[in-house]
There are 2 protein chains.
Amino acid sequence: MPRMNLTEPAVIAAAAELADEAGFEALSVSAVARRLEVQPASLYSHVRDRSALLSGVQRLALGELGGRVSQAVAGRAGSAALRALADAHRDYAIQRPGAWSALQYPADEHTVASPEAARIATLSIAVMRGYRIPPDDAVHAVRLVAATINGFLALDRGQAFAHRNESAHQSWLAAIAALDRALSTWPQGSGK
Amino acid sequence: MPRMNLTEPAVIAAAAELADEAGFEALSVSAVARRLEVQPASLYSHVRDRSALLSGVQRLALGELGGRVSQAVAGRAGSAALRALADAHRDYAIQRPGAWSALQYPADEHTVASPEAARIATLSIAVMRGYRIPPDDAVHAVRLVAATINGFLALDRGQAFAHRNESAHQSWLAAIAALDRALSTWPQGSGK
DNA sequence: GTAAAAACCTAAAGCCTGTAGGAGAGGGTG
DNA sequence: CACCCTCTCCTACAGGCTTTAGGTTTTTAC
């Protein structure tokens, strides 16, 4: 019986692919084991428990998303950077629906504090530099952007991403334009 | 052996309360049955399956939220109505965390098309009337508002709602103010 | 009171999660 | 090559969840 010599990253990658293909709700230790052609109990050599498997997928998603955001915003500023940031998120959700879905579930504190999550935050803060936002308010602006983008994609989740709905896309464009206006008109006084 | 004479609404209400107390992830047919002191199989007289139980909680949450939004925005317009709408959502998420969490999961088409969901949409459209938004754009504006509010609350979910974090609250206020500005500066031409 | 409806139970099957202990594949060393 | 060690993977098992089928008992309606 030759060994596949699984590793944690391989297990998590298989889980993410399974989620993309079958939906996040189909993700289980057993399903991943079947995919890898081993018995479920074998996976506990690589991931502590089911929860750790899900956290692993979240972290992988954050890492991939971070890479895409980094590329998308490179060399851009202001509105163009904001649009690029937003579209990187949207494209990721479309191309990796299962992995993206993992990010909609509550993350543990390690995942929240992970380098991958920090990277996306850093990139988002960099995009804010294209707007006149008081330094003390940068965190608020970043949260607004993250909330709007992710909130929109989550609302859109009920629709089939593969079939782009024209109205939903118009709403997306309108939402990003609205975000841009909101950031462009950020109050300059510290009073809020 | 006296019968409790359960009904579907009673089962769903018990499920929502359980979710509030123990977290949405603790919600199962078995857990609800234990709470109601019956055997799990007994609940299938009242709900078709586990999925129907979850959909029931979503629908209950939409109904309750709709009532709160209706009260909150009554007699208000423009910015005041927007803030009231947003705060109704936030207060609901704080006071009924389990029921609110149910709304973060994909809903089936019946739930999406339910009268309760339609009510919230109608109320949201009414709030948009306080801004100069071309009629064709009203749906885009409503989606923006829903996305931002829910996106923000979802991001905040990792924190313990019971312990209000001052920075998160400032971000919330900043986000609603940003929404207000975005709505107030909505483009008047049909070009987009 | 009787009959029908429905709430609730037991039993069972199938699936999932996770632990414990063991087998054996693979790699390193002498 | 033989031997030893590590670690991947397996089997076995227990406990929990979901759901169906068939039956019992309580409630409702007449």
Side-chain angles (χ1 to χ4, degrees), chain A residues 1-60 98-99 101-102 105-108 110-111, chain B residues 1-60 98-99 101-102 105-108 110-111:
Chain A
M1 182 62 190
R3 295 280 164 89
M4 303 191 63
N5 284 310
L6 293 173
T7 60
E8 185 192 14
V11 172
I12 285 163
E17 282 168 29
L18 175 66
D20 286 338
E21 291 164 20
F24 186 74
E25 66 290 340
L27 183 54
S28 65
V29 171
S30 306
V32 175
R34 279 191 297 272
R35 186 182 185 87
L36 295 169
E37 296 181 314
V38 295
Q39 297 301 313
S42 308
L43 293 189
Y44 296 94
S45 303
H46 306 287
V47 291
R48 193 181 59 252
D49 56 19
R50 179 176 178 273
S51 162
L53 178 69
L54 301 187
S55 292
V57 173
Q58 285 177 328
R59 206 157 173 167
L60 174 109
S101 290
Y105 292 83
D108 63 42
H110 296 295
T111 307
Chain B
M1 180 59 192
R3 295 275 166 93
M4 303 192 61
N5 282 313
L6 294 173
T7 61
E8 184 192 11
V11 171
I12 286 164
E17 283 169 28
L18 175 66
D20 285 338
E21 292 165 18
F24 186 74
E25 68 290 342
L27 183 54
S28 65
V29 172
S30 306
V32 175
R34 280 191 297 272
R35 185 181 185 88
L36 295 170
E37 295 179 317
V38 296
Q39 298 301 311
S42 307
L43 293 189
Y44 294 96
S45 303
H46 306 287
V47 291
R48 193 183 60 250
D49 55 21
R50 179 174 177 276
S51 162
L53 178 68
L54 302 186
S55 292
V57 172
Q58 286 178 325
R59 205 154 174 173
L60 175 109
S101 289
Y105 293 82
D108 63 41
H110 296 294
T111 307

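Numbers restart at 1 for each chain; the letters A, B, ... are given by sequence-line order, proteins then strands. If you're wondering where the values come from, they're calculated on a predicted model, not measured in any experiment.
Among the nucleotides D/dT19, D/dC9, D/dT25, the one closest to the side chain of A/Ser45 is D/dC9. Comparing C/dT17, D/dC10, C/dC8 by their nearest atom to the side chain of B/Val38 picks out C/dC8. For B/Tyr44, whose side chain is taken as the heavy atoms from C-beta onward, the closest listed nucleotide among D/dT24, D/dT19, D/dT11 is D/dT19. The listed nucleotides are D/dT8, D/dA12, D/dT19; the one nearest the side chain of A/Asn5 is D/dT8. Nearest nucleotide to the side chain of B/Ser42, out of C/dG18, C/dC8, D/dC9: C/dC8.
Counting atom types as modelled, B/Arg50 pairs no side-chain N or O with a base atom of D/dT19 as donor and acceptor under 3.5 Å.
Taking atom CG of A/Leu36 as the reference point, atom P of D/dC9 lies 9 Å away to the nearest angstrom. When rounded to the nearest whole Å, the span between CG of A/Asp49 and C1' of D/dG16 equals 16 Å. Atom-to-atom, CD of A/Gln39 to P of D/dC13 comes out at 15 Å; the value is rounded to the nearest Å. Whole-Å rounding puts the B/Arg3 CZ to D/dT26 C1' distance at 5 Å. As rounded to whole Å, 9 Å separates atom C1' of C/dA6 from atom NE2 of B/His46.
Between atom CZ of residue A/Arg50 and atom CG of residue A/Leu27 there is a gap of 7.0 Å, rounded to the nearest 0.5 Å. The CG atom of B/Leu18 sits 5.5 Å away from atom CZ of B/Arg35, with the distance rounded to the nearest 0.5 Å. The structure places OG of B/Ser42 at 8.5 Å from CZ of B/Arg3, a figure rounded to the nearest 0.5 Å.
Between B/Leu53 and B/Leu43, every side-chain heavy-atom pair lies at or beyond the 4.5 Å cut-off. Side-chain contact between A/Val57 and A/Leu54: absent, with no pair of heavy atoms (C-beta onward) separated by less than 4.5 Å. When side chains are defined from C-beta on, B/Ser30 counts as touching B/Arg34, because their heavy atoms get closer than 4.5 Å.
Residues from residues 9-34 of chain B lying near DNA chain C, meaning a heavy-atom separation below 4.0 Å, are absent.
With A/Gln58 contributing its side chain and A/Tyr105 its backbone, the two residues share a donor-acceptor pair below 3.5 Å.
Using a 4.0 Å heavy-atom cutoff across all strands shown, A/Leu43 reaches no nucleic acid atom at all.
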